[in-house]
Trainee: 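Sending over a structure as structure tokens; questions will come in a sec.
Numbers here simply count residues along the sequence, with the first being 1. Owing to the predicted nature of the structure, the values given are computational and were not obtained by experimental measurement.
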Amino acid sequence: MSKKSLPHYAAGIIVKGFGRGSKELGIPTANYPLDVVKQLPIDIETGIYYGWANVDSGDVHKMVMSIGWNPFFENKEKSMETHIMYPYNKDLYGQVLKVCICGYIRPEKNFDSLESLISTINGDIEQANMALERDEFKELKESNFFRNS
């Protein structure tokens, strides 16, 4: 993973994903349309990342993002699935999601069970939570990118 492309900022309308995040995993995600995924720098490898996110210019929250093919689910298209570490408790489809991808956690991998996948995602969330407490990343949370419509 090349760190030269980070931080990477992305914005787009939240679209329906596969419906697995909330239903199967208990970890809801906001998904970008394919045109946003295709704008990723070529040197950003597939894997799990952490950073900041906001919805419709609201408050900025910690996030974890999966970029890739999700081998456990055998996706046919590359995706960017963002788990915002805040309980929105409402439908976010059609709203604008802005993210600042700050750092890399691990490569994507396959899992032998749904339980193993969920456990690993929860570990990723913990790791992101700790990493984003560092001053270098707190500064990115205050970026004008999140304030401008």
Side-chain angles (χ1 to χ4, degrees), residues 1-55 58-89 92-93 95-143 145-146:
M1 196 280 311
S2 173
K3 293 199 185 265
K4 71 181 177 193
S5 291
L6 297 179
H8 175 73
Y9 296 89
I13 301 294
I14 298 171
V15 298
K16 283 196 181 287
F18 300 101
R20 298 183 293 236
S22 294
K23 291 180 188 76
E24 289 184 51
L25 304 174
I27 303 165
T29 59
N31 300 282
Y32 277 126
L34 201 51
D35 65 314
V36 175
V37 179
K38 289 181 176 181
Q39 292 174 27
L40 281 168
I42 195 138
D43 64 337
I44 289 189
E45 298 175 12
T46 60
I48 309 305
Y49 291 81
Y50 58 87
W52 301 103
N54 77 345
V55 176
D59 292 341
V60 179
H61 302 286
K62 294 175 180 178
M63 67 85 176
V64 175
M65 177 184 283
S66 169
I67 298 175
W69 306 95
N70 300 320
F72 184 80
F73 292 108
E74 300 176 346
N75 285 5
K76 302 295 181 235
E77 293 280 357
K78 190 175 185 181
S79 66
M80 293 170 70
E81 299 180 33
T82 305
H83 171 68
I84 302 168
M85 296 159 65
Y86 177 80
Y88 275 97
N89 299 322
L92 300 178
Y93 299 126
Q95 297 185 59
V96 175
L97 172 65
K98 291 182 179 180
V99 299
C100 172
I101 304 170
C102 301
Y104 180 77
I105 295 176
R106 64 173 174 84
E108 72 176 340
K109 63 180 185 175
N110 205 343
F111 294 87
D112 55 10
S113 71
L114 195 59
E115 293 75 23
S116 177
L117 171 60
I118 292 169
S119 175
T120 301
I121 292 171
N122 284 323
D124 296 338
I125 291 168
E126 285 179 37
Q127 193 171 341
N129 195 32
M130 288 187 300
L132 289 165
E133 289 299 315
R134 299 199 322 248
D135 289 341
E136 65 188 285
F137 297 127
K138 284 184 178 179
E139 290 175 14
L140 294 171
K141 178 183 181 182
E142 304 304 323
S143 168
F145 170 75
F146 291 115

Trainee: What are the two closest non-hydrogen atoms of L132 and F137, and how far apart are they?
Mentor: CD2-CB, 3.9 Å
Trainee: To check you understand the geometry: which heavy-atom pair defines the closest contact between D124 and I105, and what is its length?
Mentor: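 Closest heavy-atom pair between D124 and I105: O-CD1, 3.5 Å.
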Trainee: Quick one: pull up CD1 in I101 and OH in Y9 and give me the separation to the nearest 0.5 Å.
Mentor: 11.0 Å
Trainee: So, do V64 and I27 sit near enough that their side-chain heavy atoms are less than 4.5 Å apart?
Mentor: no
Trainee: Is the backbone of W69 close enough, under 3.5 Å, to the side chain of E108 for a donor and an acceptor to pair up by distance?
Mentor: yes
Trainee: Looking at L97 and A30, what are the two nearest heavy atoms and their distance?
Mentor: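 The answer is CD2-CB, 3.9 Å.
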Trainee: Is a side-chain N or O of K62 found less than 3.5 angstrom from the main chain of N129, in a donor-acceptor match?
Mentor: yes
Trainee: Could you tell me which non-hydrogen atom of A11 sits nearest to which non-hydrogen atom of V36, and how far apart they are?
Mentor: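 Distance-wise, the nearest heavy atoms are O-CG2, 3.6 Å.
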Trainee: Can you measure from SG (C102) to NZ (K138) and round to the nearest 0.5 angstrom?
Mentor: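 C102 SG to K138 NZ: 13.0 Å, rounded to 0.5 Å.
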Trainee: Looking at CD1 of I44 and OG of S5, how far apart are the two atoms once the value is rounded to the nearest 0.5 Å?
Mentor: 5.0 Å
Trainee: Using a 3.5 Å distance criterion without hydrogens, assess whether the side chain of Y32 forms a donor-acceptor pair with backbone atoms of A10.
Mentor: yes
Trainee: Could you tell me whether E126 atom CD has more than 12 heavy atoms of other residues or ligands within 6.0 Å of it?
Mentor: no
Trainee: Nearest 0.5 Å please: distance from the CG atom of N122 over to the CG atom of L117.
Mentor: 9.5 Å
Trainee: Test your reading of the model: is there a side-chain donor-acceptor pair from H83 to the backbone of T29, 3.5 Å cut-off?
Mentor: no
Trainee: With heavy-atom distances below 4.5 Å as the criterion, would you say the side chains of S143 and W52 are in contact?
Mentor: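 A side-chain contact under 4.5 Å is absent here.
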Trainee: Test your reading of the model: is there a side-chain donor-acceptor pair from S79 to the backbone of E81, 3.5 Å cut-off?
Mentor: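 Looks like no, no N/O pair under 3.5 Å.
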Trainee: List in chain and number order the residues that pass ring-ring contact (aromatic ring centres under 6.0 Å, His included) with Y86, two or more places apart in sequence or in another chain; answer none if no residue qualifies.
Mentor: H61, Y88
Trainee: State the CG-CD1 distance between L114 and I118, to the nearest 0.5 angstrom.
Mentor: 4.0 Å
Trainee: Sub-3.5 Å donor-acceptor pair from the side chain of S113 to the main-chain atoms of S116, do we have one?
Mentor: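 Yes, because the side chain of S113 sits within donor-acceptor range (under 3.5 Å) of the backbone of S116.
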Trainee: Within the structure provided, determine whether C100 and F146 are in side-chain contact (heavy-atom separation under 4.5 Å).
Mentor: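 Of all side-chain heavy-atom pairs linking F146 with C100, at least one is under 4.5 Å.
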Trainee: Identify the heavy atoms of H8 and Q39 that sit nearest to each other, and give their distance.
Mentor: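 Here H8 and Q39 meet closest at CE1-O, 4.2 Å.
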Trainee: Rounded to the nearest 0.5 Å, what separates atom CG in N31 from atom CE in M65?
Mentor: 9.5 Å
Trainee: Where is the tightest heavy-atom contact between A53 and V99, given as atom of each residue plus distance?
Mentor: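 Scanning both residues, the minimum pair turns out to be CB-CG1, 3.9 Å.
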